[in-house]
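Worksheet for the structure shown next.
One is the number of the first residue; the rest follow in order along the sequence. In listed order, ligands and their atoms are each counted from 1. All values reported here derive from a predicted model rather than from experimental measurement.
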Amino acid sequence: MRKLFTAFIAMVAVALTFSCYQPAPDSAAAIKADLAYCDSQLHRTLAELADSSGHIDYTMSPRNILAGESHWNLRKVDKAEWCGGFFPGILWYDYEATGDTAILRQARNFTEPLAFLATTPAYDHDLGFLVITSFLNGYRLTGDESYRQVLLACADTLATLFNPRAGTILSWPRHVGDYGGHNTIMDNMINLELLFWASKNGGNDSLRQIAMSHADTTMAYHFHDGAIGYHVAVYDSIDGHFLRGCTHQGLADSSMWARGQSWAIYGYTMCYRYTREQRYLDFAQKVADAYLERLPEDGVPFWDFDDPRIATSGLNDLTPSESVAPRDASAACVVTSALLDLADYVAPDKAAAYRHVAYRTLQTLRNHEWRGAERCPAFLLHSTGHHPAYSEVNASISYADYYYIEALIRARRRL
Ligand code: GLY
């Protein structure tokens, strides 16, 4: 009886919190200040990238700042460097926020070196990440016809990785042997946006059909225990039947790797935005709810929800150790951006709950402990890239900053 009563009180408390939640009265000012912070950090980055004569090599893109470092590590733009679009994307969003034409010029300059992708055979699914962030944002903000042409060509290239027997895109052609079959990773859900967008902007309708086949097949096989995603799904290369789910960047095959789940939440929300198919909206809520059920109160997940160190990790201890699990600001930013979108489509009580988490997360990331601030020119600290390889752990990473500024822009549009 006592248990039942406690559960009832907890339910009432959750319902009250979510149903009464409105963005705090200072949210508009807070979001404006957050965007001003991003703009000033971005100017620091641009100053760092320039040599003594003010020249910038636009083929080198900021990728990460590792724990304890204070400058960006750059990577050469390449078909195999999946993060090459995030920095131009950040510049596009900053231009959207500020209207600063100097930033617009830099957004164009950092976007151009990726144009070779339009005439390059598919390397892997990350082609979507590379051009959605750069050319798609650029096209949205400028209407530049040459950007549309790059996007359409890249959509056709991405479609060459589709295997109709499996029903999904082959994410990593180079790893077919390692996985013993056609592999599809959860991250690939994000890249469907390129296909949906192209089919509505001059491309063939088969691109939309491929994207929907991928989303439907992923929904059918790529999740376990209801709505927890595997990182990798392996299908038979010949007849396409599902072989197994496993991990690459998570703790274990069936653990909930935070960023993998964030790609799923963002991906199915985006699928609904483009198609208005109810099944995608229902599924986006399922995958979001599985994540939110176990999310720490401050809105930022540990890198993997099943890391046993979570039991001994305090939310204020941001230095990973044998007893403290690393957090992942990047997953938090992907989810915050997705929840602001998802909240526009769902019932009012659900919308309030999703907005509550989104604004709570932005509030957390506003704290000095989470910001690069004077320590380094990144917007945020404390992301986890690839924990099993112990790479980019407790780092600033370009995609965390990209989804952070995207979330801020989405929040600003809705206030
Ligand atoms: N797409 C790779 C990652 O999420 O780390």
Side-chain angles (χ1 to χ4, degrees), residues 61-66 73 75 78-87 89 114 117 122-134 158 161 168-175 178-179 183-194 214 218 222 228-233 245-253 255-268 270 287 291 300-305 307 326-338 378 380 382-404 406-407:
S61 210
R63 162 77 189 242
N64 61 44
I65 302 175
L66 302 179
N73 296 299
R75 296 275 171 88
D78 184 77
K79 61 185 187 312
E81 169 44 32
W82 79 280
C83 293
F86 292 115
F87 188 65
L114 291 160
L117 293 166
Y123 176 73
D124 68 17
H125 76 112
D126 286 328
L127 181 55
F129 276 107
L130 286 164
V131 298
I132 291 165
T133 48
S134 52
L158 182 59
L161 296 176
T168 65
I169 289 165
L170 174 62
S171 300
W172 290 326
R174 62 192 175 282
H175 291 316
D178 306 339
Y179 284 100
N183 58 72
T184 296
I185 66 169
M186 191 59 81
D187 327 31
N188 204 144
M189 284 301 301
I190 302 296
N191 298 319
L192 304 183
E193 180 162 12
L194 178 60
H214 185 111
T218 298
H222 211 131
I228 298 173
Y230 295 111
H231 187 192
V232 186
C246 53
T247 198
H248 176 67
Q249 280 166 256
L251 180 78
D253 290 344
S255 66
M256 187 155 72
W257 174 48
R259 201 166 50 261
Q261 195 74 13
S262 80
W263 296 139
I265 298 166
Y266 191 111
Y268 281 99
M270 176 276 299
V287 292
Y291 173 99
V300 183
F302 291 91
W303 76 282
D304 189 298
F305 284 74
D307 186 326
R327 309 291 285 279
D328 186 9
S330 77
C333 294
V334 174
V335 171
T336 300
S337 184
L380 298 175
H382 311 305
S383 288
T384 299
H386 191 335
H387 191 283
Y390 219 77
S391 158
E392 297 179 317
V393 175
N394 195 24
S396 297
I397 312 181
S398 57
Y399 47 84
D401 284 7
Y402 174 84
Y403 288 101
Y404 180 55
E406 180 181 90

Problem set entry | Spacing of W263 atom CH2 and M270 atom CE [to the nearest 0.5 Å] | 11.5 Å
Exercise. How many angstroms lie between atom CD1 of I397 and atom SG of C333, to the nearest 0.5 angstrom?
Worked result: 11.0 Å
For this session: For atom 2 (C) of ligand 1, grab the closest protein heavy atom and report residue, atom and distance to one decimal in Å.
Result: D187 OD2, 3.0 Å
Problem set entry | Contact (N/O only, under 3.5 Å) between W263 and ligand 1 | yes
Problem set entry | Polar contact flag for Q249 and ligand 1 (N/O pairs, less than 3.5 Å) | yes
Exercise. Would H175 and N183 count as having a side-chain donor-acceptor pair, cut-off 3.5 Å?
Worked result: no
Exercise. Any side-chain heavy atom of D401 within less than 4.5 Å of one from L380?
Worked result: yes
Seminar exercise, completed: for atom 4 (O) of ligand 1, nearest protein heavy atom and its distance come out as R259 NE, 2.8 Å
